[in-house]
Amino acid sequence: MTEKVFYINDSGASIHCNLYCTDIKNLERVVLYGHGFGGHKDNKAAERFAKKATAKHKNMGVVTFNLPCHGDDVRKTLILSDCGEYISLVLKYIRSKFNVSEIYGYATSFGGYLLLKYIADNGNPFKKLALRCPAIDMHSVILNSIMTDSDKKALAHNKPVSVGFDKKIKINKTFIDDLKASDIRKYDYSDYCDDILIIHGTKDEVVPFESSKEFAENNFIDFIAADNADHRFVDPLLMDNAIKDIIVFFG
């Protein structure tokens, strides 16, 4: 597997991306990977998936990218609409530059929320979509699992705060309000149910397991409960089992 760094400069955005593949000249399928809140394009979970996916399917590539304000992205304050714009621009680039017939999606946590929101706003661009521990109710997740009480008090006074895990991301009250208004649970995804798979750890300490389970049931989406897995699937065996399930689902 080789790794190629590339940049998308379009519509005022400069998006930093990676392509993992065996042979760029023979690409027929690309998986767009969406990282979680505070993550970045170089995360180990994406690389692990890419190694296994490209070993299994020589014609498959995996594209990762930095969301706005994440990794080495230059934007300073996270805006929800910017996230959708980045996804649109990366999809546009994949179609035009790689000329592949099929695009798949794989995302985790905040990335999972964003791809589901993208589908609600624009229709489904993915042949298949796999979500690991998606933040179905991202508004509650950021309030209850990511922000501190002092962060909430600052936002209540319209002051921006920096929050997150690996990297602190600057957000403001508008971002929180936009998350609340963009509740993906109010949309019907049943038309896409055959093309979506959700895997969620039963011991997820960040995103409630039950929220994914209920969302999957309400939309007739296949759901896999990963026994004893935490939010990041730190156990390599549990991660590899999830990757295997995703690769089989992608076909």
Side-chain angles (χ1 to χ4, degrees), residues 6-18 30-43 45-46 62-95 103-126 129-143 145-147 155 160-187 189 196 206-207 215 231:
F6 65 96
Y7 302 90
I8 301 172
N9 295 302
D10 192 351
S11 303
S14 180
I15 308 173
H16 298 190
C17 311
N18 287 345
V30 166
V31 181
L32 176 64
Y33 180 91
H35 64 71
F37 190 88
H40 51 81
K41 67 180 177 63
D42 300 308
N43 74 84
V62 178
V63 169
T64 65
F65 68 102
N66 286 331
L67 287 167
C69 305
H70 289 69
D72 53 2
D73 186 80
V74 298
R75 299 201 177 185
K76 302 302 182 183
T77 302
L78 187 60
I79 299 171
L80 188 58
S81 60
D82 286 349
C83 297
E85 179 188 8
Y86 273 38
I87 294 170
S88 291
L89 292 174
V90 176
L91 286 169
K92 174 185 172 184
Y93 187 95
I94 291 172
R95 294 189 191 101
I103 300 177
Y104 296 73
Y106 171 31
T108 181
S109 197
F110 181 46
Y113 163 83
L114 290 175
L115 292 193
L116 287 170
K117 182 180 184 303
Y118 186 89
I119 290 173
D121 293 340
N122 303 281
N124 185 15
F126 305 110
L129 173 64
L131 304 172
R132 178 169 56 81
C133 301
I136 299 299
D137 183 3
M138 187 61 197
H139 179 258
S140 293
V141 168
I142 198 166
L143 287 178
S145 298
I146 298 177
M147 293 177 60
L155 281 185
V161 296
S162 295
V163 300
F165 301 111
D166 297 335
K167 177 185 177 180
K168 300 296 184 181
I169 306 299
K170 187 177 179 181
I171 63 172
N172 55 28
K173 188 175 182 299
T174 298
F175 177 75
I176 298 298
D177 291 342
D178 286 346
L179 284 179
K180 187 174 183 179
S182 301
D183 187 343
I184 60 175
R185 294 172 298 178
K186 66 186 180 184
Y187 299 105
Y189 292 86
I196 301 177
V206 177
V207 177
F215 177 82
H231 186 63

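Index from 1, following the sequence.
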Under a 3.5 Å distance rule, please check whether [X] uses its side chain to pair with a backbone N or O of [Y] as donor and acceptor.
X	Y	answer
T108	R132	yes
K41	A46	no
N124	I119	no
H16	D73	no

Check your understanding: Do F110 and H35 have their ring centres less than 6.0 Å from each other?
Key ->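 Aromatic pair excluded; centres sit 6.0 Å or further apart.
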Determine whether [X] and [Y] make a side-chain contact, defined as any pair of heavy atoms from C-beta on separated by less than 4.5 Å.
X	Y	answer
Y187	K117	no
L115	Y106	no
F126	L32	yes
H231	S109	yes
T77	T174	no
M138	L116	no
H70	Y86	no

Atom of [X], atom of [Y] and distance for their closest heavy-atom approach:
X	Y	value
K186	A181	NZ-O, 2.8 Å
L91	P125	CD1-CG, 3.8 Å
G112	P134	CA-CB, 4.3 Å
I169	F37	CB-CZ, 3.8 Å
I146	G164	CG2-N, 3.8 Å
Y189	I184	CE1-O, 3.4 Å

Review point. Is it true that the side chains of S88 and Y118 contain a donor and an acceptor less than 3.5 Å apart?
Key: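 On atom types as modelled, these side chains qualify, holding a pair under 3.5 Å.
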Point to revise | Verdict with supporting geometry, V206 and V141, side chain to side chain contact (heavy atoms under 4.5 Å, CB included) | key: CA-CA 7 Å; V206 177; V141 168; 4.2 Å; yes
Pairwise distance [atom1]([X]) to [atom2]([Y]) - rounded to 0.5 angstrom:
X	Y	atom1	atom2	value
M147	L155	CE	CG	4.0 Å
I171	L78	CD1	CG	7.5 Å
D178	I79	CG	CD1	9.0 Å
L114	S182	CG	OG	10.0 Å
Y113	I136	OH	CD1	10.5 Å
H139	F175	NE2	CZ	10.0 Å

Exercise for review: Take R185 and D183 through the test salt bridge (charged side-chain N to carboxylate O under 4.0 Å, His left out) and record every step on the way to the result.
Suggested key: CA-CA 5 Å; R185 294 172 298 178; D183 187 343; 2.8 Å; yes
Check your understanding: Considering residues, nucleotides and ligands other than K180, do more than 12 of their heavy atoms fall under 6.0 Å from its NZ?
Key ->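 Result for NZ/K180: open.
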Exercise for review: For K76, look at atom NZ and say whether over 12 heavy atoms of other residues, nucleotides or ligands are found less than 6.0 Å away.
Suggested key: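 Counting neighbours around NZ of K76, 12 or fewer heavy atoms of other residues, nucleotides or ligands fall under 6.0 Å, so no.
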Check your understanding: N43 and Y33: side chain to side chain contact (heavy atoms under 4.5 Å, CB included), yes or no, with the steps?
Key -> CA-CA 10 Å; N43 74 84; Y33 180 91; 3.4 Å; yes
Exercise for review: Test Y93 against D10 for side chain to side chain donor-acceptor pair (under 3.5 Å), laying out the working first.
Suggested key: CA-CA 10 Å; Y93 187 95; D10 192 351; over 6 Å; no
